[in-house]
Amino acid sequence: MTASPTTFDAPGYNFAYLDEQTKRMIRRALLKAVAIPGYQVPFGGREMPLPYGWGTGGMQLTAAILGTDDVLKVIDQGADDTTNAVSIRRFFARTAGVATTTRTPEATVIQTRHRIPETALSNDQILVFQVPIPEPLRFIEPSESETRTMHALGDYGVMHVKLYEDIATFGHIATAYAYPVSVDGRYVMDPSPIPKFDNPKLDMNPALMLFGAGREKRLYAVPPYTRVESLDFEDHPFAVQAWDEHCAVCGSRDSFLDELIVDDAGGKRFVCSDTDYCTQRLSEQETGR
Amino acid sequence: MGMALVDRALRADEYGEQVQGPAQDEEFVLMHCDNVEAAGFVSHLKLPHYVDFQAELELIRTLRRPAEPQAADARPAGADSLEASPLDASPLKASPLKENRA
């Protein structure tokens, strides 16, 4: 134990939990994913010490790309202080000994569940998404061999039919999150359950975006500065959510707001879902005064 | 209990039933269950989902919005439709035809 040359305090574990061969295998899959934007690459998913659905895919990707100099930030639904985010951040602090942060601009690797940070990312950052269902066509076509053929042939008519049926039934495209996108004009991709509010941030983003699905053992990627278009129709263009209210804490009018019921009478408050963005704005306002 | 249901669903062929759901598709079931933990998708629902719910909430409000002015337009047309909400308008109650006859 004392002979361990490493600085992290999890003896008996390899750096960042996974063994080197597994990490190598995931990196190879990642290279393929980056080379074919939006294509779902199968990988040999390992069992992680937490249940599927809690970020096993994202964690394996993070483990594979993490280096000793990296600064890790983990968010869950935009927040740094929720159970999932705190646990994963502590997991990598212990097994890899990496520095962690809650500030978006300081992080080099950001693992996220269901949000893209409001603060613009730079081209030296990597965003890792936790993905529950990687296949955007799954709800239309349950067979994996069928969907793989559909992807291969670029046969995405059914997706447009689905969106059209929404318009015919409801007058709107009734998809509020996990809104399907077309990556680099080729593959239709599920951007993981981010609200469609975040979809425009995928387009031409300077950061590398990696998506990992642990249960389904699939990973895919959107390389930096890649065109990502949300599927829509000329007469029903894609539009993001907008609020009449502003954040009750920092006053932001252009961030994704969560609605909180604050009393028994149904009183509401709206606050930023991105806690770091909110805190940063607040401290700017305080120092500005 | 869940596994029993899946097991029964997979025997559709044996019982001469039509295969129509994903649980009856061997390939689909294997892909989702061939690992140590077939704990189920349900466990992740313990995690917070307020961002998704907020997005859905916004969508539901958008869908309702155009319906309201339409309903308001419809009201002046028939005086008795003021009381009858569209949900409890049974074919017997909604009686513009009857009244015309009377």
Side-chain angles (χ1 to χ4, degrees), chain A residues 45-48 50-56 76-79 82-85 113-115 130 132-133 138-139 141-146 166 169-179 193-198 214-218 239-243 256-260 270-271 273-274, chain B residues 2-3 5-6 8-13 17-74 86-87:
Chain A
R46 299 290 186 257
E47 247 185 278
M48 297 299 279
L50 78 172
Y52 289 122
W54 293 63
T56 50
D76 175 7
Q77 304 262 312
T82 45
T83 318
N84 198 223
R113 176 171 170 264
H114 302 193
R115 274 313 306 275
Q130 303 172 194
I133 298 163
R138 181 60 70 234
F139 292 103
E141 174 52 65
S143 164
E144 171 71 8
S145 52
E146 275 298 314
D166 276 2
T169 317
F170 307 111
H172 297 270
I173 294 175
T175 303
Y177 61 89
Y179 191 102
I194 56 171
K196 66 177 182 175
F197 179 88
D198 284 343
R215 188 200 316 270
E216 315 241 357
K217 299 170 178 57
R218 295 283 186 281
V240 298
Q241 290 102 332
W243 284 259
F256 190 91
L257 301 178
D258 281 332
E259 187 173 331
L260 308 177
F270 289 81
V271 292
S273 113
D274 187 336
Chain B
M3 284 316 287
L5 287 171
V6 173
R8 174 61 185 80
L10 282 175
R11 293 171 73 184
D13 266 347
E17 292 162 354
Q18 202 188 348
V19 173
Q20 49 190 7
Q24 295 168 310
D25 181 359
E26 218 164 276
E27 182 199 62
F28 182 88
V29 172
L30 275 179
M31 222 195 95
H32 290 74
C33 295
D34 66 346
N35 42 49
V36 184
E37 191 190 1
F41 202 58
V42 177
S43 76
H44 104 287
L45 292 175
K46 289 176 190 165
L47 292 173
H49 281 80
Y50 35 73
V51 167
D52 316 316
F53 292 155
Q54 186 64 47
E56 291 282 53
L57 209 55
E58 200 268 349
L59 172 71
I60 290 167
R61 283 173 186 155
T62 317
L63 294 180
R64 280 185 181 164
R65 215 168 291 140
E68 282 157 10
Q70 271 173 27
D73 291 346
L87 278 177

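Every chain is numbered from 1, with letters handed out A, B, ... down the list of sequences.
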So, are A:Lys196 and B:Glu58 salt-bridged, with charged N and O less than 4.0 Å apart? no

Which one wins on heavy-atom pair count under 4.5 Å against chain B: A:Thr82, A:Leu257, A:Ile194? A:Leu257

Heavy-atom distances under 4.5 Å only: say whether B:Leu57 touches chain A with side chain, backbone, both or neither. side chain

Non-hydrogen atoms of chain B under 4.5 Å away: do they reach the side chain of A:Ala79, the backbone, both or neither? side chain

Please rank A:Arg115, A:Glu259, A:Gln241, A:His172 by heavy-atom pairs under 4.5 Å with chain B and give me the top one. A:Glu259

Which residue out of A:Ser145, A:Ser273, A:Gly78 racks up the most heavy-atom pairs below 4.5 Å with chain B? A:Ser145

Side chain to side chain contact (heavy atoms under 4.5 Å, CB included) between A:Tyr177 and A:Phe197, intermediate numbers included: CA-CA 8 Å; A:Tyr177 61 89; A:Phe197 179 88; over 6 Å; no

Where the side chain of A:Asp76 meets the backbone of A:Ala85, is there a donor-acceptor pair that is under 3.5 Å apart? no

With sequence neighbours excluded, residues passing side-chain contact (heavy atoms from CB on, under 4.5 Å) with A:Arg138: A:Ile133, A:Glu135, A:Glu144, A:Thr147, B:Phe28

Bottom line for B:Glu56: the part with an atom under 4.5 Å from chain A's heavy atoms is both

Relative to chain B, which segment of A:Phe170 carries a heavy atom at a distance below 4.5 Å: side chain, backbone, both, or neither? both

Got A:Pro132 and A:Glu216 here, is their nearest side-chain heavy-atom distance under 4.5 Å? no

To the nearest 0.5 angstrom, please state how far the CG atom of B:Leu59 sits from the CZ atom of B:Arg64. 11.0 Å

